[in-house]
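The structure displayed is predicted, hence computed values, not measured ones. Chain identifiers are assigned alphabetically (A, B, ...) following the order of the sequence lines, protein sequences preceding nucleic acid strands; residue numbering begins at 1 within each chain. The analysis underlying the following values was restricted to heavy atoms, covering all of them including side chains, and did not include hydrogens, waters or symmetry mates.
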2 protein chains.
Amino acid sequence: MNVTAAQKRLIEKLGVFFEGQGRTPAEARIIGLLLVADQLEMTLEEIQHTLGISKSAVNNAINVLMLTQQLEYVTKPGDRKKYYKSKIEQWMSHVEEHVEKALEGRILLKEALDQRSKSTKEFNTAMKDMIEFMEFVQSHHQEMFAKWKKSKGRS
Amino acid sequence: MNVTAAQKRLIEKLGVFFEGQGRTPAEARIIGLLLVADQLEMTLEEIQHTLGISKSAVNNAINVLMLTQQLEYVTKPGDRKKYYKSKIEQWMSHVEEHVEKALEGRILLKEALDQRSKSTKEFNTAMKDMIEFMEFVQSHHQEMFAKWKKSKGRS
DNA sequence: TATTTAGTTCTGCAAATTCAGAACCAAGTA
DNA sequence: TACTTGGTTCTGAATTTGCAGAACTAAATA
């Protein structure tokens with residue numbers, strides 16, 4: 001057995017969370033597995049049997065996760081298998097993307113505000129305030145990420 | 001006609017965006033309509049005909065959006081109709097929730113880290129770094145939101 | 001050349017989502 | 001009391017999603 005019962009429960013919890021982030025159930029559980037399991041690198045077959053999902057589902061999920069930079073694989077000499085592992089260093093950019101996406105609406109909101117009749121003054125002002133705050137949060141955010149990246153680049 | 005062709009296009013763009021935020025197509029377009037239209041308050045029937053979706057779909061969507069505090073309605077004396085409008089002042093808390101949700105994974109990641117074998121040192125350190133940064137971003141966010149709320153409370 | 005192995009692709013089903021349309025209810029109005 | 005009106009609820013149909021299972025490919029091995 002690759003993972004304990006407790007680990008399986010945690011994988012499910014992580015699974016539910018990542019589903020909420022827009023991943024499919026299979027993708028979500030694979031991410032969870034590779035965060036929780038002691039074994040950092042696993043083959044398609046190992047993932048399949050540990051999670052109890054089909055080969056095709058694992059294969060599709062893995063490929064999506066590689067396209068989105070959440071997984072990578074390593075190989076071993078004289079071994080055709082691929083050993084998949086979580087690309088954890090890349091994770092920060094996913095968090096970044098997610099926060100970014102939450103704030104991205106400000107662009108469309110601005111477009112909406114720009115075309116509004118000037119007569120609904122109170123409403124327009126409320127909209128403007130919100131857009132400005134979103135811009136403020138957004139720029140702070142960029143700053144924080146930039147700082148973090150720089151500190152990592154040096155250390 | 002309640003909205004122009006250009007406004008309809010913008011409503012669709014907003015619709016796609018809000019679908020990405022987890023709303024249904026009908027919900028997403030109603031939010032968009034009430035952000036774009038000059039007329040700030042609209043009845044169920046007006047919404048129905050402007051967007052070209054069924055009464056039941058509008059009704060269901062409206063009720064969901066009221067539960068999630070994105071819409072409210074006002075009434076007029078001697079008029080049974082409800083006039084729905086965007087609860088724009090409440091919008092900031094939605095942005096807040098969204099950002100919060102993006103950062104919420106840190107709690108589960110911490111749980112995952114805590115149960116990891118100590119032997120995968122490098123991986124564990126990378127995980128820890130990320131969790132710490134997410135905590136840092138999170139506290140900054142809270143601070144920013146708190147400040148904004150306070151400034152709005154006063155002004 | 002036949003067989004095994006790792007991974008990929010295709011087909012179709014099962015579940016979930018979303019909505020239209022119809023029936024319905026409750027509060028007024030004629 | 002019957003009719004209208006605003007809103008609600010129910011049912012079923014159309015999509016969409018996600019995956020299992022089988023067929024398949026390509027490389028390595030016997």
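A salt bridge does not link K81(B) to E46(B): none of the charged side-chain nitrogens sits closer than 4.0 Å to a carboxylate oxygen.
Atom NZ of K76(B) and atom P of dT5(D) are 19 Å apart (whole Å). The nearest whole Å value for the distance from the CG atom in N60(B) to the P atom in dC10(D) is 11 Å. Between the NZ atom of K82(B) and the P atom of dA27(C) there is a distance of 12 Å, given to the nearest Å. Between the NZ atom of K81(A) and the P atom of dT29(D) there is a distance of 12 Å, rounded to whole Å. One atom, CD1 of I62(B), and another, P of dC19(C), lie 13 Å apart when rounded to the nearest Å.
Taking the ring pair (Phe, Tyr, Trp, His ring centres under 6.0 Å) definition, one finds that H141(B) meets it with H141(A), sequence neighbours left out.
Cluster annotation: V64(A) is not connected to Y73(A) through the hydrophobic network of ILVMFWY side chains, with a link wherever side-chain heavy atoms come within less than 4.5 Å.
Side chains of Q115(B) and Q7(A): a donor on one and an acceptor on the other come within 3.5 Å.
Applying the under-4.5 Å side-chain rule to Ile, Leu, Val, Met, Phe, Trp and Tyr, the cluster around V16(B) consists of that residue alone.
Scanning residues 35-55 of chain A for heavy-atom distances under 4.0 Å to DNA chain C yields L44(A), K55(A). For residues 18-32 of chain B, proximity to DNA chain C is found at T24(B), P25(B), A26(B), defined as any non-hydrogen atom under 4.0 angstrom from a strand atom.
Closest approach to the R80(B) side chain among dT5(D), dG7(C), dT9(D) is made by dT5(D) (side chain taken as heavy atoms from C-beta onward).
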Which side-chain N or O atoms in residues 99-114 of chain A pair as donor and acceptor under 3.5 Å with protein atoms at least two apart or in another chain?
{"from": "E100(A)", "atom 1": "OE1", "to": "Q138(A)", "atom 2": "NE2", "distance (Å)": "3.2"}
{"from": "R106(A)", "atom 1": "NH1", "to": "L103(A)", "atom 2": "O", "distance (Å)": "3.0"}
{"from": "K110(A)", "atom 1": "NZ", "to": "E135(A)", "atom 2": "OE2", "distance (Å)": "2.7"}
{"from": "E111(A)", "atom 1": "OE1", "to": "K13(B)", "atom 2": "NZ", "distance (Å)": "3.2"}
{"from": "E111(A)", "atom 1": "OE2", "to": "K13(B)", "atom 2": "NZ", "distance (Å)": "2.9"}

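Under a cutoff of 6.0 Å and an axis angle of 45°, K76(B) and Y83(B) form a cation-pi pair.
Note on residues 10-59 of chain A: pairs passing ring-ring contact (aromatic ring centres under 6.0 Å, His included), not counting sequence neighbours, are F18(A)-W91(A).
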